[in-house]
There are 2 protein chains.
Amino acid sequence: MSEITLDVRIVVFSLDEDTLQVLLLPCGEAPDCWTLPGGPVQVDESLEEAAGRALDNRVDREQVYLEQLYTYGEPQRVPARRLVSVSYFALSPANARCAARTESERWYPLEKVPGLVHDHAEIVKYALRRLRYKLEYSAAGFQLLPDEFTLSELQHTYEIVLGEKLDKRNFRRRILQSNIIEETNHLRTGEGQGRPARLYRYRPDAVAEVKARRLFP
Amino acid sequence: MSEITLDVRIVVFSLDEDTLQVLLLPCGEAPDCWTLPGGPVQVDESLEEAAGRALDNRVDREQVYLEQLYTYGEPQRVPARRLVSVSYFALSPANARCAARTESERWYPLEKVPGLVHDHAEIVKYALRRLRYKLEYSAAGFQLLPDEFTLSELQHTYEIVLGEKLDKRNFRRRILQSNIIEETNHLRTGEGQGRPARLYRYRPDAVAEVKARRLFP
DNA sequence: ATAATAGTGTCTCTCAGACATTATTTA
DNA sequence: TAAATAATGTCTGAGAGACACTATTAT
């Protein structure tokens, strides 16, 4: 207890059907105890690289959006150690999930998250708050979807994350006039009965715009 | 270069007449090189305590608002060392400044900030962005004023920080209906010619509200 | 033709921004 | 009474939210 050590912890969100899920790992120590993915920061890597490394073989990093959240450093947050954790949240499309090789990881619906070590439950709670806030002002919801998606799918994503129904016409107007996404020529067809839906993608240059506008470095 | 060390850095804002100022310290190494106040985190103190400690004898901590900003950890941000810095921003009323005991500290107007070590200039820039953003949505400007203040003073604060003139009636309406501040019975009188202005203070229980609403833990 | 989902427009109300005059004090 | 600052209300335009019907496909 004489040294301060540093790690990163990532709250990875992904959407499965009708639930928002979080990636958790068994913490090893106790039987029914889980932890957020993460780990120590190497001397020659950035914090963000450390966070990305912790996601290797769990999600496809290329497709994952990553943003720093908050740094937790209360002296007593981890028993018998002085650990400071830089937390991140990540948004992963469902198709960017890697096949879980072992029982060493599991996606949990947010309402069914089991007991977590230390203050990780608090970190998850805060990450969710920030995610909801982000959706309200920034149309970032598409980060939870594959490259091409329908407006209904996007709206559904928003409804799941925000936990409330949205008006279809208002939603479409708002999203479209934000200018973050654009039409493609493709239709989603054969996916069920009903009229096929137009597919959209986010505008490649919108990424730069979002970064320019973004509140956090 | 085999260990990661941790410190905190604080961007302390204060208002002097017509300029927004930042507290800087000489960095010791070079002659015209300055640094943000801060320092290493002790093993038994929280990050916020470490930040507060760095402000001792510089401002009256009781009166200072402190909020975590971002954690900087690029491997190359500090030459020959692996230093991770948790940054904070602080808002200090002018009357909470302590008398500078030595030449070891100086308040600089934002437009005249001298050369800073490492990435401290970037940290200042980001802190200002966050401060401006905060004022736009949260009426936090009163943290730069003494306990009691007039609406004109508050508006002036906003104008300095945001760098633009504001409409008096719209400003008053907006601030008052946010319900963050309340009238006192006092008037500011004898301060010059002109009609005396009513003094306001922020509502004691508004502090709790702001914290509840706040985006950052 | 029926069931299922996609796609579209209008009205209303609230809120933000522009704007000028009266009120109260000191010198 | 002149100069200085405080205090106050209205109009207008833009945007947000409520709301229902038509279009296109598969079975």
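Since this is a predicted model, take the numbers as computed values, not measurements. We use all heavy atoms of the structure for the numbers below, so side chains are in, but hydrogens, waters and symmetry mates are not.
- Taking 4.0 Å as the cut-off between side-chain N and carboxylate O, A/Asp147 and A/Arg201 do not count as a salt-bridged pair.
- Salt-bridge check for A/Arg9 with A/Asp7: passed, with a basic side-chain N closer than 4.0 Å to an acidic carboxylate O.
- Here C/dT14 presents its C1' atom at 11 Å from CD of B/Gln177, a figure rounded to the nearest Å.
- Between B/Gln21 and B/Leu110, every side-chain heavy-atom pair lies at or beyond the 4.5 Å cut-off.
- Under 4.0 Å is where a charged nitrogen must lie from a carboxylate oxygen, and between B/Glu67 and B/Arg130 at least one such pair does.
- No side-chain heavy atom of B/Thr150 sits less than 4.5 Å from a side-chain heavy atom of B/Tyr200.
- Looking at which nucleotide of DNA chain C each of A/Arg173 and A/Glu153 is closest to, the 5′-most match is held by A/Glu153.
- Per the geometry, CD1 belonging to B/Ile175 stands 13 Å off P belonging to C/dG17, to the nearest Å.
- Regarding A/Leu199, its CG atom lies at a distance of 17 Å from the P atom of C/dT5, rounded to whole Å.
- The aromatic rings of B/Tyr70 and B/Tyr72 lie perpendicular to each other, with more than 60° between the two planes, well past the 30° mark.
- A sub-4.0 Å separation between OP1 or OP2 of C/dT5 and a side-chain N or O of A/Ser152 is absent.
- Near-neighbour residues of DNA chain D inside residues 155-172 of chain B, defined by a heavy atom below 4.0 Å, number-ordered: B/Lys168, B/Arg169, B/Arg172.
- Classification of the A/Phe171-A/Tyr158 ring pair by plane angle, with boundaries at 30° and 60°, yields perpendicular.
- Relative ring orientation between A/Tyr202 and A/Phe142 is described as parallel, the plane-to-plane angle staying below 30° on a 0-90° scale split at 30° and 60°.
- Rounded to a whole Å, the CZ atom of B/Arg174 is 10 Å from the C1' atom of C/dA16.
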Protein N or O to nucleotides 24-27 of chain C N or O, pairs below 3.5 Å:
unit_1	atom_1	unit_2	atom_2	d
C/dT24	O2	B/Arg195	N	3.4

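- Atom P of nucleotide C/dA6 and atom OH of A/Tyr200 are separated by 12 Å, given to the nearest angstrom.
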